[in-house]
Amino acid sequence: MRWSTRSARSSPPTKRPSLKKAVSDHGRTETSLAKAINESLRKALDTDPKVLIMGEDVGKLGGVFRVTDGLQKDFGEDRVIDTPLAESGIVGTAIGLALRGYRPVVEIQFDGFVFPAYDQIVTQLAKMHARALGKIKMPVVIRIPYGGGIGAVEHHSESPEALFAHVAGLKVVSPSNSSDAYWMMQQAIQSDDPVIFFEPKRRYWDKGEVDTDAIPAPLHKARVAREGTDLTLVAYGPMVKVCLEAAAAAAEEGKSLEVVDLRSMSPMDFDAVQTSVEKTRRLVVVHEAPVFLGTGAEIAARITERCFYHLEAPVLRVGGFHAPYPPARLEEEYLPGLDRVLDTVDRSLAY
């Protein structure tokens, strides 16, 4: 039964990331988030012969979202490896390769397919460094397209980031734009610790500027995506764009919202959030994952402790419902959107 439910895996999606980019001066390009990851992987393969890419359909097909398009053709089947449909085996093999000095980059084809590999990730990959008293490194990157917004069926729209952020020994990150996608992938591959790299699949086709000559921010440093004074919105991955749209809409009503892109869920840059909240005195945390025991709960608890005497309203959260991900026709009701964010902003400002 497990195999029959996956028979449509290799079918391409109706939308595909654009492989075209407009090149400008001084290393800057205008490109999609998916293509930025592709270029980052290409650079890593070209720079370090120990970098390998593994996953289901990552080679000849170029991945179902075409993120690895062209890489096997240019670097060969020994560097970009099409694997069987066996996530536990894929991650287990990557652990063995890391022990031999390689830097494998593993793709989990969809978020909901990671759970057969969860045991390998949690009990082996995350623990190996501590188990060996620091003598063994685990430079493994696990790429996971995650989140909804593409009208996919069950197991194709999950947001399991909190499960991995809870596990000591794992770094957990998610870019929200093309520039971060490019640079954060480079930094993840260079890390000697395992990195779970969550890619917001509904942002794959959003374009932005990438400066390949820039000096990137540290991998786990949050950034202020928009300055504001009345309230702080904290988000990561796919919800950053929604929060920026909410801030623009609120500005038309005379409200000044600051948007902080967290970028990393483990470790988490609480200092950046604290600095923003001490200025605005209000905080709303937004993520696609269910609110119940989500990353927003940890942020709310930490900021309440750190900023108790600064807060003028309780920390509020916006997220998915505590229910299985719904069919496509109900997706827009499930996902946090502009109205739900603005309604929560109004609740906070009403205190």
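Not measured: the values here are computed from a predicted model.
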Legend entry - Working for salt bridge (Lys or Arg N to Asp or Glu O under 4.0 Å), residues D271 and R306: CA-CA 9 Å; D271 290 343; R306 290 186 173 206; 2.7 Å; yes
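- Remark: K207 does not engage E30 in a salt bridge, criterion side-chain N to carboxylate O under 4.0 Å.
- Between Y351 and R282 the shortest heavy-atom distance is O-NH2, 3.2 Å.
- Considering I53, L71, V51 as possible partners of R79, the one that fulfils the side-chain contact (heavy atoms from CB on, under 4.5 Å) test is V51.
- Using a 4.5 Å heavy-atom threshold, the side chains of L231 and L283 count as separate.
- No side-chain donor-acceptor contact under 3.5 Å links D261 to the backbone of Y236.
- Atoms CZ and CG, from F321 and L335 in turn, are 9.5 Å apart once rounded to the nearest 0.5 Å.
- The existence of a salt bridge linking R302 and E298 is confirmed by a sub-4.0 Å separation between a basic side-chain nitrogen and an acidic carboxylate oxygen.
- For the atom pair E278 CD and T232 OG1, the distance stands at 10.5 Å (nearest 0.5 Å).
- Between the side chain of R340 and the backbone N or O of G337 there is no donor-acceptor pair closer than 3.5 Å.
- With a 4.5 Å cut-off on side-chain heavy atoms, P327 and Y334 do not count as touching.
- The side-chain heavy atoms of E107 and I142, taken from C-beta on, include no pair separated by under 4.5 Å.
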Inset, instruction - For the pair V106 and I108, evaluate side-chain contact (heavy atoms from CB on, under 4.5 Å) and give the outcome as yes or no after the intermediate values. - result: CA-CA 7 Å; V106 169; I108 302 297; 4.3 Å; yes
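- Not one N or O on the side chain of Q72 forms a donor-acceptor pair closer than 3.5 Å with the backbone of D78.
- Atom CD of E288 is separated from atom OH of Y146 by 7.0 Å, given to the nearest 0.5 angstrom.
- Side-chain N/O atoms of S264 and K171 include no donor and acceptor closer than 3.5 Å.
- Counted within 6.0 Å of CG on D343, heavy atoms from surrounding residues, nucleotides or ligands total more than 12; the atom is thus considered enclosed.
- Under a 3.5 Å cut-off, the side chain of E209 and the backbone N or O of R28 do not form any donor-acceptor pair.
- Atoms CD1 and CG, from I299 and L262 in turn, are 5.0 Å apart once rounded to the nearest 0.5 Å.
- Salt bridge status for D82 with K60: absent, with no side-chain N to carboxylate O gap under 4.0 Å.
- Side-chain N or O atoms of R131 include none that pairs as donor or acceptor with a backbone N or O of Q124 at under 3.5 Å.
- Ion pair D230/K279 not flagged as a salt bridge, since none of the NZ, NE, NH1 or NH2 atoms sits closer than 4.0 Å to an Asp/Glu carboxylate oxygen.
- The pair D269-R263 does not meet the salt-bridge criterion, since no charged nitrogen lies less than 4.0 angstrom from a carboxylate oxygen.
- Under the 3.5 Å distance criterion, the side-chain polar atoms of W183 are left unmatched by any main-chain donor or acceptor of S40.
- Taking every heavy atom of both residues into account, V80 and G59 meet most closely at CG1-CA, 4.1 Å.
- In this structure, V291 and V318 have side chains that are not in contact, with every pair of non-hydrogen atoms separated by 4.5 Å or more.
- Looking only at side-chain heavy atoms (C-beta outward), L233 and E258 stay at 4.5 Å or farther from each other.
- For the pair I196/V173, no side-chain contact is recorded, criterion being any heavy-atom separation below 4.5 Å from C-beta on.
- No side-chain heavy atom of H129 sits less than 4.5 Å from a side-chain heavy atom of I136.
- Taking the six-membered ring where tryptophan is involved, the planes of F115 and Y118 are tilted, since the angle between them lies from 30° to 60°.
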Legend entry - Residue pair Y325, L330: steps toward the side-chain contact (heavy atoms from CB on, under 4.5 Å) verdict: CA-CA 9 Å; Y325 200 89; L330 297 176; over 6 Å; no
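- One N or O on the side chain of S178 and one on the backbone of L33 form a donor-acceptor pair closer than 3.5 Å.
- Of the possible polar contacts, none joining the E199 side chain to the I144 backbone as a donor-acceptor pair under 3.5 Å is found.
- Using a 4.0 Å cut-off between charged side-chain N and carboxylate O, D346 and K255 make a salt bridge.
- Of all non-hydrogen atoms in R281 and Y309, the two that sit nearest each other are NH1-O, 4.2 Å.
- For K35 (side chain) and W205 (main-chain N/O), no donor-acceptor pair under 3.5 Å exists by modelled atom type.
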